[in-house]
Amino acid sequence: MSVQSKHIFVNLPVKNLDRSKAFFEEMGFGFDEEMTDEKGACMIIGPSIYGMLLTEEFFRSFSKREIADTSNSAEVITAISATSKDEVDSLVNAAFAAGAQQAGEKMDDEYMYLKSFKDLDGHMWEVLYMTEEETK
């Protein structure tokens with residue numbers, strides 16, 4: 001049997017926690033207040049998927065490696081699914097309205113519809129919708 005984790009926590013360093021929280025709240029995401037303080041905020045992405053927005057200082061307490069300079073390098077692309085093409089458009093448009101930048105070209109083929117953006121700290125996000133046959 002393969003490994004089956006119950007939850008995923010994506011830890012992302014942010015320069016300004018309040019500003020980052022406001023950005024994602026404007027997109028429609030909520031936060032788990034029990035796991036949020038002045039050092040980090042637990043953004044609820046799905047029933048068992050969380051984005052941990054951590055101040056750079058707090059993030060450094062987990063890793064002694066340099067934080068990636070997202071202005072000239074990619075660290076990771078976090079892809080989240082949507083339930084329709086309209087939801088992809090809605091989430092990405094909300095990200096742009098909140099200050100996001102374009103990250104890549106739109107993909108629209110018979111299996112996948114995808115748009116992407118860079119958040120305020122340069123982290124790359126993809127929002128995608130896949131036909132039901134492809135997600136099984």
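Position 1 is the first residue of the sequence, and the numbers go up from there.
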For [X] and [Y], which heavy atoms make the closest approach, and how far apart are they?
X    : Y   : result
S73  : A68 : OG-CB, 4.2 Å
L120 : A98 : CD2-O, 4.1 Å
T36  : D32 : OG1-O, 2.8 Å
P13  : I67 : CG-CG2, 3.7 Å
A97  : E26 : O-OE2, 3.6 Å
D121 : T70 : O-OG1, 2.6 Å

Quiz item: Passes side chain to side chain contact (heavy atoms under 4.5 Å, CB included), L91 versus M27? Steps please.
Solution: CA-CA 6 Å; L91 280 169; M27 286 184 64; 4.3 Å; yes
With heavy-atom distances below 4.5 Å as the criterion, would you say the side chains of [X] and [Y] are in contact?
X   : Y    : result
F96 : Q101 : no
I44 : F29  : no
L53 : L17  : yes
C42 : Y50  : yes

Quiz prompt | D18 side-chain N/O to K21 backbone N/O, donor-acceptor pair under 3.5 Å | solution =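 Not at all, since once roles are kept as given, no pair shorter than 3.5 Å links the two residues.
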Exercise. Please answer whether the main-chain N or O of N16 pairs with a side-chain N or O of S20 as donor and acceptor at a distance below 3.5 Å.
Key: yes
Exercise. Step by step, work out the side chain to side chain contact (heavy atoms under 4.5 Å, CB included) result for Y129 and T83.
Key: CA-CA 6 Å; Y129 168 73; T83 58; 5.6 Å; no
Practice problem: Give the C-alpha distance, both sets of side-chain angles, the deciding distance and a yes or no for side chain to side chain contact (heavy atoms under 4.5 Å, CB included) between F24 and D119. | Solution: CA-CA 9 Å; F24 286 106; D119 67 21; 3.6 Å; yes
Quiz item: Are K106 and Y113 in a cation-pi contact, defined as NZ or CZ under 6.0 Å from the six-membered ring centre and within 45° of the axis?
Solution: no
Self-check item: K39 charged N/C atom sitting above F58 aromatic ring, 6.0 Å / 45°
Solution: yes
Exercise. Give me the ring orientation class for F117 and F23: parallel if the planes are under 30° apart, tilted from 30 to 60°, perpendicular past 60°.
Key: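 Judged by the thresholds at 30° and 60°, the geometry between F117 and F23 is tilted.
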Do [X] and [Y] belong to the same hydrophobic cluster, where Ile, Leu, Val, Met, Phe, Trp and Tyr are linked whenever their side-chain heavy atoms lie under 4.5 Å apart, directly or via other members?
X    : Y    : answer
M43  : M124 : no
L54  : V10  : no
I49  : L12  : yes
V127 : I8   : yes

Practice problem: List the steps and the verdict of side chain to side chain contact (heavy atoms under 4.5 Å, CB included) for V14 and E56. | Solution: CA-CA 6 Å; V14 299; E56 288 184 344; over 6 Å; no
Quiz item: Does the side-chain hydrogen bond (donor to acceptor under 3.5 Å, both in side chains) test come out yes or no for S84 and D86, once each step is laid out?
Solution: CA-CA 5 Å; S84 68; D86 287 341; 5.1 Å; no
Nearest-0.5 Å distance that lies between atom [atom1] in [X] and atom [atom2] in [Y]:
X    : Y    : atom1 : atom2 : result
M130 : L114 : CE    : CG    : 10.0 Å
E126 : S116 : CD    : OG    : 6.0 Å
N11  : S63  : CG    : OG    : 10.5 Å

Exercise. Would you mind listing every salt bridge (Lys or Arg N to Asp or Glu O under 4.0 Å) that reaches into residues 87-96, with sequence neighbours excluded?
Key: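 Sorted pair list: D89-K115.
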